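Note that these values count all heavy atoms, side chains included, but never hydrogens, waters or copies made by symmetry. Just so you know, these numbers come straight off a predicted model, no measurement behind them. Note on naming: letters A, B, ... go to the chains in the order of the sequence lines (proteins, then strands), and numbering restarts at 1 for each one.
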Amino acid sequence: MPELPEVYTIATDLNSYIKDYVITDLRIARGYIALPDNDTFIKEVKNQKIEKVSRIAKNILIHLENKKIIQIHLGMTGRMLLRSPKQQADKWVRILFKLENKLGTKILKFCDMRTFGKVVLLKTTSTLKNKYGPEPVDENLNTERFLEILKSKKTTIKNALLTQELISGVGNIYATDALFIAKIHPETLTKNLSYDDAINLLKSLRKVLNEGIKNRGSTLSDKMYVDIFGREGKHQNFFRIYSKNFCPTCKSKVVYKTINGRGTYFCPSCQKKK
DNA sequence: ATGTTTGTTCCGAT
DNA sequence: CATCGGAACAAACA
């Protein structure tokens with residue numbers, strides 16, 4: 001489910017609400033495998049204090065006092081839920097963490113319906129840092145570099161935006177809306193992008209991602225994304241063209257088409273292919 | 001029943 | 001050997 005705004009919301013809230021708690025116990029659901037393996041994971045995580053929670057691309061990183069890091073990728077249907085000790089049964093719980101400090105006890109649940117997500121114990125974040133391209137929200141990313149990265153692959157702009165090794169944090173929804181705002185056809189080959197296209201697209205990406213953050217993410221009709229308190233996001237109320245039938249600008253019928261395996265909405269009138 | 005779904009990885013073709 | 005596109009992973013819903 002989660003793209004940069006959703007993961008940002010979860011990681012930021014976790015940092016505020018579970019920092020300085022100690023993971024006094026943890027349970028891994030039958031059949032679920034944390035990496036590198038469950039025994040190692042439990043041994044290294046148990047009784048560790050949480051120093052902070054951060055984020056790289058779509059990964060949540062829980063930093064422990066022993067300098068190990070829990071990497072959590074939510075895949076399509078992952079959730080992190082922070083509950084009180086005696087609260088409701090949640091669906092698809094894969095790992096349950098018991099957190100304690102002077103203030104009391106909390107339960108943190110990693111849930112994942114389709115299990116495309118993963119939980120990995122890392123020694124360092126360096127491999128992760130090197131794997132991803134810059135995020136559009138990174139102020140150090142300039143138009144020249146952005147365009148150069150996009151043109152380094154022979155593919156469509158839609159596909160390039162979803163390739164995390166090139167540009168990270170962007171997923172299908174925000175890519176779709178950013179291309180609409182920038183008036184770029186999603187099947188435009190990156191080699192055909194102009195400098196002006198790059199200016200508009202980078203600006204549009206920053207706009208939709210920052211709006212998404214401000215609105216605490218997007219929750220679709222399946223309600224799969226919720227924040228750590230189980231609350232829905234609000235950005236779905238501000239989608240430009242994703243899931244729409246008619247263009248908000250010119251009222252044309254929106255085209256829905258699978259591009260590089262992902263459902264894509266675009267306005268054939270406002271987004272001409274080059 | 002068939003076609004969808006916020007993501008990533010890996011395999012086969014070129 | 002490098003690159004790219006698409007299948008596969010799995011579960012729920014319309």
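Atom name C1', nucleotides B:dG7 and C:dA14: the rounded distance is 22 Å, in whole Å. Using C1' as the reference atom, B:dT8 and C:dC13 are 23 Å apart when rounded to the nearest Å. Spacing between C:dC1 and B:dT9 at atom P, rounded to whole Å, works out to 22 Å.
Evaluation of the side chain to side chain donor-acceptor pair (under 3.5 Å) rule for A:D227 yields A:R216, A:R231 as partners, not counting sequence neighbours. Judged as a side chain to side chain donor-acceptor pair (under 3.5 Å), and not counting sequence neighbours, the contacts of A:D112 are A:T77. A:E144 meets the side chain to side chain donor-acceptor pair (under 3.5 Å) test with A:Y195; sequence neighbours excluded. For A:R55, the side chain to side chain donor-acceptor pair (under 3.5 Å) partners are A:E135, not counting sequence neighbours.
Between A:R240 and A:E211, at least one side-chain nitrogen of the basic residue sits less than 4.0 Å from a carboxylate oxygen of the acidic one, meeting the salt-bridge criterion. Using a 4.0 Å cut-off between a side-chain N of Lys or Arg and a carboxylate O of Asp or Glu, A:K67 and A:E51 qualify as a salt bridge.
Rounded to an integer number of Å, the gap from A:L162 CG to B:dT5 P is 13 Å. Protein atom CD1 of A:I72 is 16 Å distant from nucleotide atom C1' of B:dG7, rounded to whole Å. Per the geometry, CG belonging to A:N260 stands 17 Å off C1' belonging to B:dT5, to the nearest Å.
Between A:I60 and A:V7, some side-chain heavy-atom pair lies under the 4.5 Å cut-off.
When base pairs are accepted only as Watson-Crick or G-U wobble with both N-N or N-O distances under 3.5 Å, DNA chain B takes part in stems of 3 or more pairs at B:2-5 with C:11-14, B:7-14 with C:2-9.
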Please list each protein N or O that sits under 3.5 Å from an N or O in nucleotides 9-12 of chain B, with the distance.
unit_1, atom_1, unit_2, atom_2, d
B:dT9, OP1, A:K131, NZ, 2.8
B:dT9, OP2, A:K131, NZ, 3.1

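Residue-level contact check: A:Y256 touches the backbone only, with heavy atoms under 4.0 Å from sugar-phosphate atoms and none from bases. If you check every strand for non-hydrogen atoms under 4.0 Å, A:G171 touches sugar and phosphate atoms only. Residue contacts shown for A:G263 are limited to sugar-phosphate atoms, with no base heavy atom under 4.0 Å away. Among the atoms of the strands shown, base atoms are found under 4.0 Å from some heavy atom of A:D222.
Along DNA chain C, the nucleotide nearest A:T156 and the nucleotide nearest A:R114 are compared for position; the residue whose nucleotide lies closer to the 5' end is A:T156. Comparing A:N159 and A:K91 by the nucleotide of DNA chain C whose heavy atom lies nearest to each, the residue mapping closer to the 5' end is A:N159.
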Which pairs of donor and acceptor atoms, one on a side chain in residues 147-154 of chain A, lie under 3.5 Å apart (sequence neighbours left out)?
unit_1, atom_1, unit_2, atom_2, d
A:E148, OE1, A:R145, NH1, 2.8
A:K151, NZ, A:L193, O, 3.2
A:S152, OG, A:I149, O, 2.6

What donor-acceptor contacts under 3.5 angstrom involve side-chain atoms of residues 41-49 of chain A, with partners at least two apart or in another chain?
unit_1, atom_1, unit_2, atom_2, d
A:E44, OE1, A:K68, NZ, 3.0
A:Q48, OE1, A:N66, N, 2.8

Below 3.5 Å, can you tabulate the donor-acceptor pairs from side chains in residues 121-130 of chain A to any protein atom, sequence neighbours excluded?
unit_1, atom_1, unit_2, atom_2, d
A:T124, OG1, A:S126, N, 2.9
A:T124, OG1, A:S126, OG, 3.2
A:N130, ND2, A:S126, O, 3.1

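Residue pairs that meet the side chain to side chain donor-acceptor pair (under 3.5 Å) test with at least one member in residues 246-258 of chain A, sequence neighbours left out, are A:E187-A:K257. Residue pairs meeting the side chain to side chain donor-acceptor pair (under 3.5 Å) criterion with at least one partner in residues 23-35 of chain A, sequence neighbours excluded, are A:T24-A:E100, A:D25-A:R27.
When the side-chain nitrogen and oxygen atoms of A:H73 are compared with OP1 and OP2 of B:dG7, none of them lie within a distance under 4.0 Å. A sub-4.0 Å separation between OP1 or OP2 of B:dG7 and a side-chain N or O of A:Q164 is absent.
A nucleotide of DNA chain C counts as in contact with chain A when one of its atoms lies under 4.0 Å from a heavy atom; the first and last such, 5' to 3', are C:dC4 to C:dA12.
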